[in-house]
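Everything below concerns the one structure shown next.
These numbers come from a predicted model, not from an experiment.
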Amino acid sequence: DQHLKFAPGEGAFSWDSFEALKSMDLSGEEISILGPWLGPDKELIESVVHYFEEATGADVEYSGSDSFEQQIVIDAEAGSPPNIAIFPQPGLAADLASKGLLAPLPAETADWIRDNYAAGQSWVDLGTYAGADGAEALYGFFYKVDVKSLVWYVPENFEDAGYDVPQTMEELKALTDQIVADGETPWCIGLGSGGATGWPATDWVEDMMLRINTPEDYDAWTTNELPFDDPKVIAAIEEFGAFARNDDYVSGGAGAVATTDFRDSPQGLFASPPQCYMHRQASFIPTFFPEGTEVGVDADFFYFPAYAEKDLGKPVLGAGTVWAITNDSKGAQAFMEFLKSPIAHEVWMAQKGFLTPHTGVNTEVYTDPTVAKMNGILLNADTFRFDGSDLMPGAIGAGVFWTGMVDYAGGKDAAEVAASIQSTWESIK
Amino acid sequence: MDQLLFAVSTIIVGVFGCVAYFYFSNILLDRIYPAKGPNAGANINKANAIRPWLFVLPALLVLSLYLVYPVFSTFFLSMRDTRGEFVGVDNYVWLAGDDKFRESLGNNLLWLVIVPAASTFFGLVAAGLTDRIKWGSVAQSLIFMPMAISFVGASVIWKFIYDYRGDNQGEQIGLLNAIVEGLGGTAQTWITMPFWNNIFLMIILIWIQTGFAMVILSAALKGISEETIEAAYLDGASPLQIFFKIKIPQIWGTIAVVWTTITVTVLKVFDIVFAMTNGQWGTQVLANLMYDWMFRGSPDFGRGSAIVMVIMVLVTPVMIWNISNAHKENR
Amino acid sequence: MANLTLTNVVKTYGKVNVLRDINLDISTGELIVFVGPSGCGKSTLLRMIAGLEKITDGTLQIDGEVVNDVPPSQRGIAMVFQSYALYPHMTVRDNMAFALNIAKKPKAEIDAAVDRAAKALQLDPYLDRLPKALSGGQRQRVAIGRAIVRDPKVYLFDEPLSNLDAALRVATRIEISQLKEAMPESTMIYVTHDQVEAMTLADRIVVLANKGIAQVGSPLELYERPRTEFVAQFIGSPAMNLLPGTITATGPQTEVTLDAGGVGRADIATTEADMGKQVNLGVRPEDLVQTDGDAIFTGKVEIVEALGEVTLLYLPAKMSVGEGADSANQTHLLAKLPGIHEQLKGQTVSLTADPSKLQIFHDGVTMRG
Amino acid sequence: MANLTLTNVVKTYGKVNVLRDINLDISTGELIVFVGPSGCGKSTLLRMIAGLEKITDGTLQIDGEVVNDVPPSQRGIAMVFQSYALYPHMTVRDNMAFALNIAKKPKAEIDAAVDRAAKALQLDPYLDRLPKALSGGQRQRVAIGRAIVRDPKVYLFDEPLSNLDAALRVATRIEISQLKEAMPESTMIYVTHDQVEAMTLADRIVVLANKGIAQVGSPLELYERPRTEFVAQFIGSPAMNLLPGTITATGPQTEVTLDAGGVGRADIATTEADMGKQVNLGVRPEDLVQTDGDAIFTGKVEIVEALGEVTLLYLPAKMSVGEGADSANQTHLLAKLPGIHEQLKGQTVSLTADPSKLQIFHDGVTMRG
Amino acid sequence: MEMAGTKSRLTWAVNLAVGFLVLLWIIPTFGLLVSSFRDRDAISTSGWWTALSASEQNVIVRADAPDNARPDGAVWVLTGNVFDSGSGNVTAFGITSREPEAFAPGEVATHARGHQITVEANGDYRITYPEEPSGNRGQRLFVRAESPPSFTLDNYREVMFAEGMGKALLNTLTVTIPATIIPILVAAFAAYALAWMEMPGRALLIAAIVGLLVVPLQVAFIPLLKLHNNIGIGKGYLGIWLAHTGFGLPLAVFLLRNYMAGLPGEIIESARVDGASDFAIFRKIILPLSFPALASFAIFQFLWVWNDLLVAKVFLGTGEDQVVMTGRIVDLLGSRGGDWEILAASAFVSIAVPIAVFFSLQRYLVRGLLAGSVKGG
Ligand SMILES: Nc1ncnc2c1ncn2[C@@H]1O[C@H](COP(=O)(O)OP(=O)(O)OP(=O)(O)O)[C@@H](O)[C@H]1O
Ligand SMILES: Nc1ncnc2c1ncn2[C@@H]1O[C@H](COP(=O)(O)OP(=O)(O)OP(=O)(O)O)[C@@H](O)[C@H]1O
Ligand SMILES: [Mg+2]
Ligand SMILES: [Mg+2]
C-alpha cells in the first residue's frame with residue numbers, strides 16, 4: 001500500500017508475522033492511541049501502525065501530545081480516554097491502574113513476555129501493577145526501549161589528542177584528569193529542560209547507583225525500602241557530583257550545569273576547538289547533534305563503564321515506553337496482540353533509534369550499525385535496570401528528585417538534598 | 001470545503017442562537033406580563049424585575065457550569081487523598097508545613113506587588129504616549145505583539161535573552177550576558193540568581209501583560225471628554241500634568257480593572273515559571289506548585305486542589321475591593 | 001494687557017468652510033461681544049483665538065505677535081466653554097483651583113481666590129461636590145468661576161450665562177462687568193445669544209453671519225445704524241419690522257410709500273437718483289406708537305401678548321422677509337407698546353414712529369450715508 | 001390627553017433634601033412653566049415626572065393613575081434634556097427618527113415627521129451629520145426635534161432654548177406655541193430661565209424656591225399680584241425694587257413713608273391694625289416715571305445703561321435685600337425709562353409710579369388681600 | 001484635537017520615548033524573528049544578533065573524500081573549497097582539534113600521516129598525498145573564517161507546508177470565531193444588566209464574577225470533560241466553544257460592565273423616554289457605543305483561543321478534522337521539543353492572524369465616540 005515503508009515480502013523482515021495478522025478482520029474498528037511522540041517519532045510510530053491497519057483493516061489514529069501526562073490523566077478521569085496510551089514512565093501507568101482506569105492485559109501475555117523478551121520476567125514485573133481492587137495484574141506492555149548508559153564522543157578528537165576509549169570507570173576518571181591536565185575540558189553536562197529541568201542528573205545518579213551499589217540496593221531504592229538519604233544513595237549522588245561539580249571537569253564550569261539546556265549541551269563536542277570531549281546521555285541524543293552529523297563517524301559512543309574494582313559487572317540503565325489499554329475494545333486488544341509480532345518491531349528497527357528486548361526479531365533489519373552496537377551493549381549487560389526516577393512516584397521521580405538534583409548541582413549538600421527528598425517521599429506514602 | 005461549510009453554518013447557528021435567545025426571551029416576557037390591560041403597572045414592574053435576570057441568565061449558567069461547579073468539585077477534592085478517601089483538612093495541614101508552599105506563597109506575594117504595578121504603569125505610559133503621535137497605532141501593535149505570540153514562542157524568546165554560557169562554552173547566545181560581557185562584566189546565570197531570578201521571570205510577564213494594559217487603557221483614554229483636556233491646556237497645565245491630573249483620574253475605574261485583571265493573571269501564572277525554571281532555584285509559585293501536584297507523575301488531586309483553594313482565598317481582598325467599588329458607583 | 005488682531009482668518013473643517021476672511025482688531029481692555037445665528041461660527045472663532053482649533057488660513061496676532069502656532073497655554077487666556085468642560089473627577093473647589101495649583105500659587109492665595117469667586121457666584125454651598133451632583137446652572141457657574149479665579153490677559157466666554165436664571169444672570173453679568181472694570185487691562189471676548197447681555201456688556205459688538213462679519217460697532221451704533229437688514233433684524237428683540245415700499249420723496253428726509261398703503265418719513269438724506277427705488281422701510285416694534293394721524297401702518301390686531309411691562313401686538317401684514325427675521329415677523333407686523341393693552345385684541349390700530357428712528361434699506365443695505 | 005397630579009412629592013439625594021412637599025395639579029392641554037433659581041430642583045422635578053428619578057415620597061398620578069413605579073417608556077412622555085443627551089453615534093436624522101423607529105412606524109411617516117421637524121428647526125442641512133460636528137445651538141435643536149417628531153401625551157422641556165440665538169429662540173418659541181395650539185390635548189411642562197419665554201408661553205407659571213413651590217398662577221397674575229417678595233423680584237427683569245418703609249396711612253389706598261424719605265401710595269386696602277407696620281414698598285423699574293411732583297424716590301443717577309429702546313438708571317439707595325434680588329438692586333434703585341436718556345447720568349431725578357402698580361410686603365408676604 | 005502649537009520639542013520627546021519603549025519591547029521578539037531565519041546549529045552556537053552582520057567563526061569542514069584524490073605527477077591531490085556558498089574569507093586554519101588556528105592562509109600544514117594541507121584565504125584548499133590515499137571520510141579542516149550573514153527560509157517552509165496545516169488552520173478558525181463571538185454576546189448582555197438595570201444583589205454578582213477570574217483552568221478540565229461526556233457532547237467543537245465561553249466570560253463581563261457603566265446616563269435615559277425597551281437600548285445604544293470595549297475584549301479572547309493548545313487538547317478530539325494549528329505545530333517539534341528554529345518560525349506564522357485581527361479591531365478603539373452627546377462634566 002502507499003503507506004507501507006517496506007514492501008511486504010521484501011528484505012529480511014519477518015513477513016510471516018505480518019501475514020498472520022491478516023487473520024483478524026477489524027474493518028470499521030477504530031483504535032485511538034495517545035502517546036508522547038511528536039514530530040519524527042510520530043512518523044516512525046505511524047509507519048509501524050500502517051502495517052497493522054493494512055493487515056486488519058482497522059483504523060488507527062495515533063496522536064501525540066507534549067503534555068501527555070496531563071492529558072491522559074484528564075481524559076482517563078473524565079471518561080473519554082483513548083483506547084491505548086503509551087506511557088513514557090511506568091509510574092503514571094501504575095497510578096492509573098490503581099484507580100481502575102487501565103484494562104488488564106490477557107493473562108497469557110505475561111507468559112509471552114517471559115518467553116519472548118530478553119530478561120522477560122523483569123519486563124513483566126515492570127508492567128504489573130495493583131488494580132483498583134488491589135489485585136496485581138499485568139497492565140503494561142513494553143515496546144521500544146532506550147539505553148541510557150552511553151557516553152558520546154568525537155572519535156577524531158580523541159585521535160587528535162591521542163586518547164583511548166576507557167574501559168573502566170577508573171580509566172574514565174583517569175582520562176578525565178588527563179584531559180584537564182592537557183588544558184581542555186572533559187565533559188559537557190546540561191540539566192536544563194524547561195519544566196523538566198534536572199532529569200538528566202537523575203540518570204547520572206541512577207547510573208552511579210548501579211556502579212557503586214548492588215542491583216538489589218537499586219531496586220530497594222526505587223521503592224524507598226532503601227531510603228533516599230541512605231549513605232549509599234548519598235554516595236551515588238556525590239559520585240555524580242564528582243563530575244558535575246568540578247569546575248575543571250565541565251564545560252562552562254559547575255555553575256553552568258544546571259542552566260545549560262540538555263539539548264544544547266552536546267554541541268560542545270563539535271565546536272572548534274572542542275569545548276568538551278565526552279557527553280553522557282541516552283540513545284536519543286543524536287537528534288540534537290549538529291545537522292549532518294553522522295553517528296559512528298563524526299560522533300560515536302561508548303559504554304559508560306563500571307568500576308573494575310567493585311565487581312558489579314556491567315550494569316546498564318535503560319528506559320522504555322509502556323503501552324496500556326485505557327479503553328478496552330476488540331481493536332485495542334488486537335493492537336496489543338500486534339505489538340507482540342516481530343514485524344511491529346522490525347519496521348521501526350529498520351528505520352532508526354529503536355531497541356527492543358524482543359528475541360524473536362531478525363536483527364538483520366538494523367540498517368544503522370550504531371543501533372546494532374547499542375543492542376550489543378544491551379546484550380552484554382550483566383544487569384539491566386529500568387530508569388529509577390520513572391519507577392518512583394511522580395512527586396519524587398518527576399518532582400523533588402529533579403529539583404533536588406538541580407539544587408545539588410547548584411552547590412547544596414548531598415545529604416541535605418537527599419533528606420529533603422526523603423521527607424517528601426514520606427509525606428506522600 | 002465541507003468543514004468550511006460546517007464552520008460557517010455552526011458559527012451562524014451559534015451566534016444567532018445566542019441573539020435569538022435574548023430576543024425571544026424578551027418578547028416572551030412581554031407576552032407574559034403585557035404592559036397593557038388592567039394591571040399594566042404591576043406587570044411592568046414584574047417584567048422589569050425579571051428582565052435583568054434574562055440578560056444575565058446565559059452568563060450565569062455558563063459561569064456556574066464552567067467555573068463555579070469546578071470550584072466546588074475542587075473544594076471537595078481538596079479534602080480527599082490520592083485514593084479519593086475523605087481526609088478532612090489533612091491536605092491543608094500538609095500544605096502549611098510544606099517548604100515549597102511557603103516559598104511559593106512568598107514569591108506569589110512578590111509577583112502580586114510587582115507585576116500588576118509594573119504592567120499597568122508601562123501600559124499606561126505606552127497608551128498615554130502613543131495616543132499623541134502619528135505612528136501611535138503602529139507602536140501600539142509592536143508593544144502589543146508579545147501578547148499575540150504563542151506561549152511556546154515566548155519561552156524561546158526569553159531563552160535568547162537569559163541564556164548563559166560558561167567560560168569555554170563558546171560565545172553567549174543570551175542577549176543579556178552578551179551585553180554584560182560587552183560592557184566588561186562577567187556573564188551571570190540569571191535564572192538561578194537567588195531572589196533576582198524571580199524578578200527576571202516577572203519581567204517576562206510584565207513584557208507580555210503591558211500590551212493588555214495598554215490596549216484597555218488606550219480605549220479608556222480615548223473616551224475622555226476632549227473638552228476637559230482643552231480646558232486643562234488653557235488652564236496652563238503641561239501635557240504631563242494633564243496626563244496625571246486630568247486623564248488618569250478620569251480613567252481610574254479602568255486602571256482598577258486592569259490592575260485587578262493582571263493581579264488575577266499573576267495568581268494564575270504558571271507557564272512562565274514552568275517553562276523557564278519549573279519553580280527551581282527558589283522561583284516556585286502557587287499555580288505551578290498546583291500543576292506539579294495535579295499532573296506530574298502520579299497525580300495527587302487532593303493536594304493540588306488544596307493549593308487552588310489557597311489561590312482563590314488570595315483573591316478575596318480583590319473581590320471585596322470590587323464589591324465596594326460597585327457599591328460606590330451605584331450610590 | 002493684550003490686543004488681538006485677526007487678519008484674513010479662515011476656518012474649514014475638511015471641505016466645510018465655516019469662516020472666511022475674518023478681519024478684526026480688538027484693543028487692550030475692550031469687551032467684544034460676538035453675536036450671530038446659531039452655527040455661524042462664534043464658538044469656532046473663539047476656539048481659534050484660544051488656540052484649541054488650528055487656523056486654516058490667515059493670521060492671529062496677540063500684542064503684535066503672530067500666535068498661530070503658539071500653544072493655548074502660552075497665550076495667557078481663560079475660556080468658559082459652552083459645554084462647561086468641568087473636570088468630572090474634581091470637586092467644585094478643585095475645579096476652580098486647578099489653574100492656580102498648576103501655576104504653583106501659594107495655598108492661601110488660591111483659597112482666597114476660590115472663596116471670593118465662589119461667593120460671588122453663590123457656589124459656596126457646593127464647593128465640595130462633584131460636578132455630576134450639580135444642576136445645569138450650577139455647573140455653568142463653576143465654569144465661569146474657573147475662569148475668574150485666574151487672572152488672564154484675555155477672557156473668552158462662550159455663552160456663559162445661558163443656563164442661569166434671570167436673577168443670577170443679571171448678577172453674573174454685573175459681576176463680569178465689574179470684573180472688567182476692576183481690570184481695565186484685560187481683554188474680553190464674549191459670545192452670547194442674549195440681546196440684553198450683548199447690549200449692556202459690549203464695548204463693541206461683532207455680528208457674525210454668512211461665514212463672515214456682518215458689522216462691527218458699539219451696541220447703540222448697531223441698534224441705531226444697522227448697516228444691513230440682517231443686522232437690523234438680528235439686533236433688537238422682537239426683530240425690526242421690514243415693510244416693502246417705494247421712495248416717493250427725497251431730500252434730507254425721505255418719504256417711503258409702503259406697498260400696504262401707509263407712508264413713512266425717515267430722517268435719512270437721499271438724492272433725486274433714489275426716487276422710485278424699491279426699498280424696505282425698517283421700524284422697530286418698540287418705536288411704533290398708536291396714532292390718530294398719518295400712519296405708517298394700519299391693521300387689525302390679531303394676537304396680543306401681555307408681558308407685564310409691555311404688550312406685543314401682532315398685525316397680519318405683507319412683510320419683507322429678511323434673513324435675520326423671526327418667523328413671526330415674516331407674516332406679521334409687531335408692535336411693542338408699554339403697559340398692558342389686552343383690550344386691543346381684534347381692534348384696528350394705526351401705528352406710526354418717530355422719523356429719526358426709521359431705517360431704509362435698498363437691496364438689503366442701509367441708505368443712510 | 002393627560003392630566004398630572006403631584007401629591008406631597010418629596011425628593012432626597014442621599015441625605016440632601018432637594019424638593020419637599022410638592023403639590024401640583026396640571027390639567028390636560030395646559031402648558032406649565034417651571035421657573036426658579038438655578039439649582040432649586042426644576043430639572044429634578046421634571047425627571048421625576050418623566051420617571052427617570054425615583055420619587056422619594058408622595059405620589060405622581062397621570063390621568064388619575066399612580067405612576068410612581070411605571071417606567072419612563074410607558075408614561076407617554078417626550079423629554080428634551082438640558083444637556084441634550086443626543087445619541088453620539090447616530091446622525092441627526094437617526095437621532096430624530098429613533099423613537100419612531102422604536103415604535104415601528106412606517107418609514108415614510110418617519111421621514112415625513114423628521115423632515116417637517118428639521119425644516120421647522122432649520123436643521124435640514126445637518127441631517128446627515130453626527131452630533132459632534134454641530135454647534136451648541138444646533139445640538140439643542142436636534143434635542144428639541146427629537147421630542148417634536150414624536151406625538152406624546154406629555155412634553156417635558158428642560159431649558160430647550162438656552163443655546164439658541166434670539167431670532168431662533170423666538171422662532172422656536174413660536175414653533176412650540178403653535179405645536180401646543182395644534183395639539184390642544186397635549187400637556188407641556190417647560191423649564192426656562194427666560195422671562196419672556198415664561199410669560200409668553202405659559203398658561204400657568206410655577207415658581208419654585210426653597211425646595212418648594214412659591215406661587216402658581218398665570219403670568220400676569222404673578223407679575224401683577226406676586227404673593228411674596230421672592231416671586232415679586234424673581235418675575236420681571238430687572239427685578240422689582242423693594243424699598244423699606246412704614247405704613248403711615250391705611251384705607252383702600254395705603255400710604256407708605258419710606259425710610260429714605262419718599263412717599264408711596266398703593267391701591268391696596270389696609271386696616272387700622274396695619275398702621276405703623278414695617279413694610280417694603282415694591283415698585284418695578286419699568287413702572288417708575290420721572291416726576292416733578294410727589295416722588296417715591298429722589299436720587300442721583302449713578303449708572304446709565306442705554307439698551308436702545310429703553311434706558312436703565314441706577315440710583316444708589318438703601319434697599320431691602322430680598323432673596324430673589326439681583327445684586328444690583330440690593331444697593332441701587334433701578335428705573336427703566338423708555339427711550340434713550342444718556343444725558344441723565346449724574347443728575348438728580350425724582351421718580352414716582354402709578355398707585356395701581358405698587359406692592360406692599362410685610363414679612364416678605366404681600367398685604368394684598 | 002487639532003490644537004495650535006502642538007509641534008514642539010515635546011512631540012520630539014514623546015516620539016523618542018515611544019521609540020525607546022517600542023525598542024525595549026520589540027528586541028526580544030526581534031531576536032526570535034532573526035532566529036526564525038537561522039538554522040538550529042547557528043541558533044545554539046551564536047547569538048542572534050551576530051547573524052545580522054558578517055562574523056568571524058571557527059568552523060569545522062570536512063574535505064572531500066580521499067578516494068576522490070587525483071594523481072598529479074608524483075603526488076595525489078585533492079582540491080576544493082571550504083565554503084558551501086563559495087564566498088568567504090579564511091583568516092586562519094588548522095588540521096587538528098587541538099590547534100584549530102595554527103596556520104595562516106596559504107601556509108602548508110603537514111599532517112601526522114604525511115599529507116600536506118594548505119588553505120587559501122578565499123577558502124580553496126589543496127591536499128597533497130605522497131601516495132594514493134583511500135577512505136570515504138575526508139580530512140577535517142578547522143577554519144577560522146569570516147562568513148557573511150546567512151539566512152534560510154527552511155524553517156518557514158517546514159512550518160507552513162507541513163502536512164495538514166491548511167486543514168488545521170481551518171479547524172482553528174472553526175474554534176476561534178464562535179469562541180470569540182459567543183462570549184462577547186453573552187457577556188455584553190450580562191454587563192449591560194449589571195451596569196444599567198436595577199436588580200437586587202448586583203454588586204455581589206459583579207464581585208462574584210470578578211472572583212471567578214481567578215479559577216485556574218486546569219481544575220476545570222476533568223469535571224467539565226466528564227460533564228461533556230455525560231451529557232453526550234463528548235469531545236468536539238460545541239464543547240470547546242462552551243468551554244472557551246465559560247473561561248472567557250469573567251474577563252468579558254468585567255471589562256464590558258466597567259466600560260458600560262461609564263457611558264453617560266442621560267443618553268440611556270433619553271432612549272428610555274423615547275420608548276426603547278432594554279433590548280432596544282442595548283442593541284441600538286449600548287452596543288455601538290461600547291465598541292472600543294468590545295473590540296479590546298475581542299482581541300484578547302481571539303488571541304487566547306488562537307494560541308491555546310491546552311483547552312483544545314482536552315476538549316477536542318484528535319482526528320484530522322479537529323486538530324488545531326497549535327497542535328500541528330507542536331507535532332513538528334520532536335518529542336523532546338528542542339527545535340527552536342521551528343518554534344521561532346511557527347511563532348511568526350501563527351502571529352500573523354492575531355496581528356491582523358488586532359489591526360482591524362484597533363480602528364474601533366476610537367476617540368470621541370461620545371463627543372457631542374451631553375454637556376457638563
Ligand atoms: N446627584 C446629586 N446628589 C446631590 N445633590 C444633587 C444631585 N443632583 C442634583 N443635586 C442637587 O439638587 C438640586 C436641584 O438640582 P436640579 O438639577 O433639579 O436644579 P435645576 O432647578 O434644574 O437647576 P438649573 O436651573 O441650574 O438647571 C441642586 O442644588 C443640585 O445641586
Ligand atoms: N467637526 C466639524 N465638522 C464639520 N462642521 C463642523 C464641525 N464642528 C462644527 N461645525 C460646523 O461649524 C459651524 C460653526 O460652529 P460653531 O460651533 O462655531 O457655531 P456657533 O456659532 O458657536 O453656534 P451656537 O451658537 O449654536 O453655539 C456650524 O455650522 C457647525 O455645524
Ligand atoms: Mg457655539
Ligand atoms: Mg436644570
Side chain from CB out, backbone as N, CA, C, O: work out which of these in [X] comes under 4.5 Å of a heavy atom of chain E, or both, or neither.
X: A:Ser65; answer: both
X: A:Asp298; answer: both
X: A:Glu294; answer: side chain
X: A:Phe270; answer: backbone
X: A:Ala76; answer: neither
X: A:Phe289; answer: backbone
X: A:Glu291; answer: both
X: A:Tyr277; answer: side chain

Got a donor-acceptor contact below 3.5 angstrom from the [X] side chain to the [Y] backbone?
X: A:Asp160; Y: E:Ser97; result: yes
X: A:Gln71; Y: E:Val314; result: no
X: E:Asn229; Y: A:Ala78; result: yes

Item to check | Pick from E:Leu227, E:Val59, E:Leu225, E:Leu310 with the largest number of heavy-atom pairs that fall under 4.5 Å of chain A | outcome: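 With the most close heavy-atom pairs to chain A, the winner is E:Leu225.
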Checklist entry - Would A:Asn157 and E:Arg140 count as a side-chain contact (heavy atoms from CB on, under 4.5 Å) if you check the C-alpha gap in whole Å, the side-chain angles of each, and the deciding distance to 0.1 Å? => result CA-CA 10 Å; A:Asn157 286 353; E:Arg140 287 197 302 176; 2.5 Å; yes
Checklist entry - Once you round to the nearest 0.5 Å, how far does CD of A:Gln70 lie from CZ of E:Phe221? => result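 Answer for the CD-CZ pair, A:Gln70 versus E:Phe221, is 6.5 Å.
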Checklist entry - Which value, rounded to the nearest 0.5 Å, describes the distance between A:Ser272 atom OG and E:Arg144 atom CZ? => result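 Taking OG in A:Ser272 and CZ in E:Arg144, the distance rounds to 9.0 Å.
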Chain A contact via [X] - side chain, backbone, both or neither, heavy atoms under 4.5 Å:
X: E:Asn230; value: neither
X: E:Leu224; value: neither
X: E:Lys235; value: side chain
X: E:Ile342; value: neither

Item to check | Residue list, side-chain hydrogen bond (donor to acceptor under 3.5 Å, both in side chains) with A:Thr202, at least two apart or on another chain | outcome: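 Per chain and number, A:Thr202 pairs via side-chain hydrogen bond (donor to acceptor under 3.5 Å, both in side chains) with no residue.
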Checklist entry - Based on non-hydrogen pairs under 4.5 Å, which of A:Glu184, A:Glu159, A:Glu156 is most in contact with chain E? => result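 Looking at each of A:Glu184, A:Glu159, A:Glu156 in turn, A:Glu156 comes out on top.
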Checklist entry - Are there more than 12 heavy atoms of other residues, nucleotides or ligands under 6.0 Å from atom CD of E:Glu99? => result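 No, the 6.0 Å shell around CD holds no more than 12 heavy atoms from other groups.
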